[in-house]
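Here the structure comes first, spelled out in structure tokens, and everything after it is commentary.
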Amino acid sequence: MQSLDATRSAAGGRCSPSGRCQVVPSERRARAPRLLTTASAVVVSETAQELKASLAHELIGLDRGIFGVPAAKKAALNAMLTELEGQNPIAAPVDDIDKIAGAWRLLYSTIAITGLKRTKLGLREFVRLGDFVQSIDTDAALAVNTISFSVAGLGLLKGSLTIKAAYKRASGTRVDIEFLESVLTPEQLSKIFEASYDMLLGIFNPQGHLDVTYLDDMHRVGRDDKGNVFYLERVAAPQEGLLG
């Protein structure tokens with residue numbers, strides 16, 4: 001495995017030994033993020049409310065699906081999400097972008113870390129995953145994904161992988177996403193993932209496009225160009241871990 005200072009991200013950036021990767025875009029925006037929305041309430045159908053309640057029940061104990069889901073359960077969840085998408089109250093969410101602004105916590109994804117990948121990343125007993133939070137700044141057209149970790153045996157060391165990406169409208173339901181930079185903090189966490197950082201970033205790198213297939217005031221469903229589905233709920237904005 002090459003050292004981090006000689007590796008490149010999937011988007012063509014370089015990674016430093018501290019765990020920071022960066023792509024220099026043609027134009028950087030420096031405005032402070034706006035993480036709250038004041039948009040009027042979205043009317044959600046009774047069917048959608050029932051589906052969301054059913055999803056909440058079915059997702060108990062699945063740890064967001066990140067370590068794999070039995071095939072039958074995965075198919076059932078996908079069917080429920082597809083039905084929820086059919087109840088989408090906003091036909092063109094990207095054209096009503098203020099309703100997407102803010103912080104969102106991942107409830108379920110078909111991204112899975114299993115087998116050898118899970119072992120190499122130490123995600124069986126040594127390293128534990130915490131929340132996955134995405135903060136959307138619609139003024140600067142930026143998305144910041146923060147994945148929290150805790151490490152057993154190091155005084156329950158806590159840290160995070162933070163990935164910043166720019167997005168732009170492709171259609172009323174799709175955004176194109178460009179990876180900008182990532183960082184692992186604190187330094188001890190960077191050392192733990194030094195040999196497997198490319199793998200870790202490859203799993204969570206958002207480069208590509210995302211279709212917003214369901215959106216209301218509290219929940220969002222998206223599907224990316226890699227075939228993954230994401231189900232998220234709105235939360236208060238995180239106060240730490242954002243890239244400057």
Side-chain angles (χ1 to χ4, degrees), residues 11 25 27-45 48-49 51-52 55-56 59 64 80-111 131-148 162-182 204-243:
E27 181 180 350
R28 299 299 294 272
R29 301 176 184 180
R31 285 174 289 183
R34 182 184 61 173
L35 297 175
L36 298 177
T37 177
T38 57
S40 58
V42 175
V43 177
V44 179
S45 71
Q49 295 283 23
L51 284 165
K52 294 197 294 180
L55 280 164
L59 290 173
R64 296 148 294 186
M80 294 171 70
L81 288 168
T82 299
E83 189 174 354
L84 181 62
E85 289 167 328
Q87 297 292 316
N88 188 11
I90 303 176
V94 177
D95 291 337
D96 202 356
I97 198 68
D98 281 348
K99 288 186 171 62
I100 300 177
W104 301 82
R105 179 170 55 224
L106 183 70
L107 297 177
Y108 173 72
S109 172
T110 52
I111 289 179
D131 278 345
F132 294 54
V133 176
Q134 181 180 74
S135 298
I136 306 294
D137 174 6
T138 54
D139 284 338
L142 292 174
V144 178
N145 298 334
T146 303
I147 301 105
S148 300
T162 305
I163 299 173
K164 180 185 286 187
Y167 68 85
K168 63 180 180 180
R169 182 189 185 279
S171 73
T173 58
R174 175 174 294 183
V175 291
D176 291 327
I177 301 172
E178 178 190 6
F179 169 86
L180 297 179
E181 59 182 337
S182 68
F204 296 113
N205 192 336
Q207 181 85 20
H209 71 246
L210 179 76
D211 292 322
V212 183
T213 54
Y214 179 89
L215 177 68
D216 64 31
D217 288 333
M218 292 305 301
H219 292 91
R220 173 161 59 95
V221 180
R223 295 181 184 267
D224 69 11
D225 57 309
K226 305 169 190 69
N228 298 308
V229 61
F230 306 89
Y231 180 49
L232 307 96
E233 68 173 352
R234 187 181 294 279
V235 293
Q239 299 301 309
E240 299 179 355
L242 297 184
L243 293 178

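No experiment lies behind these values; they were computed from the predicted model shown.
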So, the side chain of [X] versus the backbone of [Y]: is there a donor-acceptor pair under 3.5 Å, distance only?
{"X": "T110", "Y": "V229", "value": "yes"}
{"X": "N88", "Y": "L215", "value": "yes"}
{"X": "Q207", "Y": "F179", "value": "yes"}
{"X": "R234", "Y": "A101", "value": "yes"}
{"X": "D217", "Y": "V42", "value": "yes"}

Would you give the length of the straight line joining atom [atom1] of [X] to atom [atom2] of [Y], rounded to the nearest 0.5 angstrom?
{"X": "L210", "Y": "D225", "atom1": "CG", "atom2": "CG", "value": "8.5 Å"}
{"X": "T82", "Y": "Y214", "atom1": "OG1", "atom2": "OH", "value": "14.0 Å"}
{"X": "D98", "Y": "I136", "atom1": "CG", "atom2": "CD1", "value": "12.5 Å"}
{"X": "R223", "Y": "E85", "atom1": "CZ", "atom2": "CD", "value": "4.0 Å"}
{"X": "F132", "Y": "I147", "atom1": "CZ", "atom2": "CD1", "value": "6.0 Å"}
{"X": "Y231", "Y": "R220", "atom1": "OH", "atom2": "CZ", "value": "12.0 Å"}

For [X] and [Y], which heavy atoms make the closest approach, and how far apart are they?
{"X": "W104", "Y": "I100", "answer": "NE1-O, 2.9 Å"}
{"X": "I163", "Y": "P206", "answer": "CG2-CD, 3.8 Å"}
{"X": "A91", "Y": "T173", "answer": "O-CG2, 3.5 Å"}
{"X": "A103", "Y": "V133", "answer": "CB-CG1, 4.3 Å"}

Next item on the list: Only one of T213, D216, L51 passes side-chain contact (heavy atoms from CB on, under 4.5 Å) with L84; say which it is.
Entry: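 Running side-chain contact (heavy atoms from CB on, under 4.5 Å) over T213, D216, L51 with L84 returns exactly one hit, L51.
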Next item on the list: For E233, check side chain to side chain contact (heavy atoms under 4.5 Å, CB included) against everything at least two apart and list the hits.
Entry: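 In terms of side chain to side chain contact (heavy atoms under 4.5 Å, CB included), with neighbours along the sequence ignored, E233 is linked to R105, L107, H219, V235.
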Next item on the list: Tell me, please, which residues at least two apart from S148 pass side chain to side chain contact (heavy atoms under 4.5 Å, CB included).
Entry: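 Per chain and number, S148 pairs via side chain to side chain contact (heavy atoms under 4.5 Å, CB included) with no residue.
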Margin query: A side-chain contact here means heavy atoms from C-beta on lying under 4.5 Å apart; do Y167 and T138 qualify?
Written below: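 In short, these two side chains touch, coming nearer than 4.5 Å.
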Item checked: Sequence neighbours excluded, every pair satisfying salt bridge (Lys or Arg N to Asp or Glu O under 4.0 Å) that has a member inside residues 167-176 ->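 Residue pairs passing salt bridge (Lys or Arg N to Asp or Glu O under 4.0 Å), neighbours aside: D95-R169, R174-D211.
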